[in-house]
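The chain is numbered in sequence order, starting from 1. In listed order, ligands and their atoms are each counted from 1.
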Amino acid sequence: MAAPAFSNPIVRWIDHRLPIFSFMHHEMHEYPTPKNLNYFWNFGSLAGFMLITMIVTGIVLAMHYTPHASLAFQSVERIMRDVNYGWLVRYLHMNGASFFFIVTYIHIFRGLYYGSYKTPRELLWMLGVVILLLMMATAFMGYVLPWGQMSFWGATVITNFFTAIPIVGDAITTWLWGGYSVDNATLNRFFSLHYLLPFVILAVVGVHVMALHRHGSNNPLGIDMKGPQDSISFHPYYTVKDYFGIAVFLLFYAGFVFFAPNFFGEPDNYIAANPLSTPPHIVPEWYFLPFYAILRAVPDLWIIDAKLAGVIAMFGSIILLFFLPWLDHSPVRSARFRPAYRFFFWVLVLACLVLGWVGANSPDASFHGVPFLWIGRIATSYYFLHFLVILPILGYVEKPKPLPLSISEPVLKRTAYGAKTMEKA
Ligand code: HEM
């Protein structure tokens, strides 16, 4: 990499000894990026923005929070009422978790639609799945910290599922709890890990972006760049587009923080944890609802009882994403040129939304006479069929549309056409 000539002598001096400025220039300035990226490519930088926001607000919250079963709830109330701008920091963090998941889910579905997980970006995708798992663990433990009713009972329900593991299940659960129930020891370790994991996520994101920069971004056409005519420098074209994306995103985020800060929350979590009183409905945060639905949908399977089968299906629904680059072996990346895949992609989106809806309802309840349990079973079956059966078969039977020769070809064609119509006029 040729070092650019920096005009500032201090920058030149440092860069000669430690080439961080050359590195940044290479990776964030001149970095050749496909010129046809659409707004779905803003969601990676938005996820990065949310990660930093969560770390900063989380550190400030931790300055005022007390991780003890008899003090945690009051310490959060104090943050809300007495700490200067404590309400703002807490609402930014609380709603931030929801917005971080919204952004990340869109980021993932963008990858699914445009085939960004395909060669040579398999590791980039798999690192993303690691990030998703870490985000889920972090969010789950964070929700326990205010020590409200839903914190306590949510943690109790979910950790209890580990008892389903044969032979060692009880021992694992006791070990997770640090005792014989969710209690002070549990709260303490969850706080410790909740503080640690975001930094682990930050490190994995670093490697994620390194893997991205090895081959560069995929793009809506899903074809490789053929030369400089297909790319533009990252700065200023995509830096400015990312800033614009962040500005629009902030309108939504701030809208919820200032006007509907408890929209995503659960009123029961404003009641202090009480191990002697179980709330009638224990529901996880919205971003876990599809997984919660899968957990409850699975019946007894042969010698595996429903509880264990549910746990396996729930974890399996994410673990199978690691294998996606090999399950979908069609050489065409973008769904734009795969009509059949595009159809099934939208069915998958629908199945995931239905799973979220089912997760929010009691399995005993029904919708127009159809029990939610069965709606959940159908959607869960589709989720697994999609990845394990439909995608592998589509790779053989689907006839993709012809791909454009290059990224600039469709753009140039349109210009030529435009010129022609101008001539006629
Ligand atoms: C903390 C969470 C995450 C952050 C900060 C992050 C960051 C980024 C950034 C900055 C990009 C480049 C911009 C873009 O393509 O949007 C990117 C690309 C990508 N990310 Fe992530 N990411 C995160 C989570 C994930 C997850 C959970 C997955 C998948 C399971 C994933 C899969 C991908 C893929 C496949 C690309 C390449 C997209 C393409 O070039 O078409 N990422 N990520």
Side-chain angles (χ1 to χ4, degrees), residues 27-28 31-56 58 96-139 142 197-225 230-231 234-235 237-239 241-246 249 287 290-291 317-325 327-328 332-336 348 352 387 407:
E27 300 298 328
M28 284 146 68
Y31 177 62
T33 313
K35 60 177 168 190
N36 60 338
L37 297 188
N38 61 29
Y39 277 106
F40 284 109
W41 268 261
N42 277 57
F43 286 85
S45 68
L46 284 175
F49 173 78
M50 276 323 298
L51 179 61
I52 301 299
T53 307
M54 294 306 279
I55 291 179
V56 172
S98 283
F99 275 89
F100 196 2
F101 273 98
I102 293 174
V103 163
T104 308
Y105 284 152
I106 297 177
H107 187 65
I108 295 173
F109 279 96
R110 182 280 315 262
L112 291 176
Y113 189 86
Y114 294 110
S116 299
Y117 48 84
K118 295 191 180 191
T119 187
R121 298 183 184 80
E122 300 93 325
L123 269 181
L124 166 64
W125 169 263
M126 291 161 87
L127 286 161
V129 182
V130 171
I131 295 173
L132 179 66
L133 286 167
L134 288 168
M135 276 177 68
M136 291 180 143
T138 310
L197 286 185
F199 295 95
V200 178
I201 296 177
L202 194 63
V204 184
V205 167
V207 189
H208 184 69
V209 175
M210 259 171 78
L212 173 78
H213 281 220
R214 177 76 176 90
H215 292 282
S217 286
N218 180 31
N219 64 80
L221 295 175
I223 54 174
D224 294 331
M225 291 190 277
D230 287 343
S231 73
F234 191 76
H235 181 75
Y237 302 105
Y238 285 113
T239 40
K241 193 172 174 183
D242 279 344
Y243 289 139
F244 175 70
I246 289 173
F249 169 78
Y287 37 80
F291 303 100
S317 66
I318 300 175
I319 301 299
L320 68 74
L321 294 178
F322 280 113
F323 302 98
L324 179 60
L327 289 167
D328 175 5
V332 176
R333 293 195 191 107
S334 175
R336 278 202 193 168
L348 177 74
C352 292
F387 289 106
I407 288 176

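- Between R110 and ligand 1, at least one N/O pair is under 3.5 Å apart.
- Looking only at side-chain heavy atoms (C-beta outward), T138 and F100 stay at 4.5 Å or farther from each other.
- Formation of a donor-acceptor pair under 3.5 Å by the R121 side chain with backbone atoms of A211 is not found in this model.
- Looking at Y287, its side chain never comes within 3.5 Å of a backbone N or O of Y105 through a donor-acceptor pair.
- The closest side-chain heavy-atom distance from P220 to W41 is below 4.5 Å.
- Near W41, with a cut-off below 4.0 Å to any heavy atom, the atoms of ligand 1 are 13 (C), 14 (C), 15 (O), 16 (O), 39 (C), 40 (O), 41 (O).
- Of all atoms in ligand 1, listed by their number and element, those nearer than 4.0 Å to a heavy atom of G48 are 5 (C).
- The contact set between ligand 1 and S116, taken as ligand atoms under 4.0 Å from a residue heavy atom, comprises 35 (C), 38 (C), 39 (C), 41 (O).
- The only option from D328, D224, T119, N219 that meets the side chain to side chain donor-acceptor pair (under 3.5 Å) definition with R333 turns out to be D224.
- A donor-acceptor contact shorter than 3.5 Å is absent between the side chain of K118 and the backbone of G222.
- Close approach of ligand 1 to F100 (heavy-atom distance below 4.0 Å) involves ligand atoms 1 (C).
- Contact annotation: the side chain of I52 approaches that of L202 to within less than 4.5 Å [non-hydrogen atoms, C-beta and beyond].
- When each of F99, F244, Y243, Y39 is checked for a ring pair (Phe, Tyr, Trp, His ring centres under 6.0 Å) with F249, only F99 meets the rule.
- Between I201 atom CD1 and L134 atom CG the span is 5.5 Å, to the nearest 0.5 Å.
- For W125 (side chain) and L321 (main-chain N/O), a donor-acceptor pair under 3.5 Å exists by modelled atom type.
- The shortest N or O to N or O distance between N218 and ligand 1 is under 3.5 Å.
- Contact atoms of ligand 1 toward S217: 40 (O) (distance under 4.0 Å to a heavy atom of the residue).
- Atoms of ligand 1 lying under 4.0 Å from any heavy atom of S45, numbered from 1 in the order shown and given with element: 10 (C).
- For atom 21 (Fe) of ligand 1, the set of protein N/O/S atoms nearer than 2.8 Å consists of H107 NE2, H208 NE2, ordered by chain and number.
- Between L348 and L112 the shortest side-chain heavy-atom distance falls below 4.5 Å.
- Taking every heavy atom of V129 and a limit of under 4.0 angstrom, the matching atoms of ligand 1 come to 30 (C).
- A heavy-atom separation below 4.0 Å is found between W125 and ligand 1.
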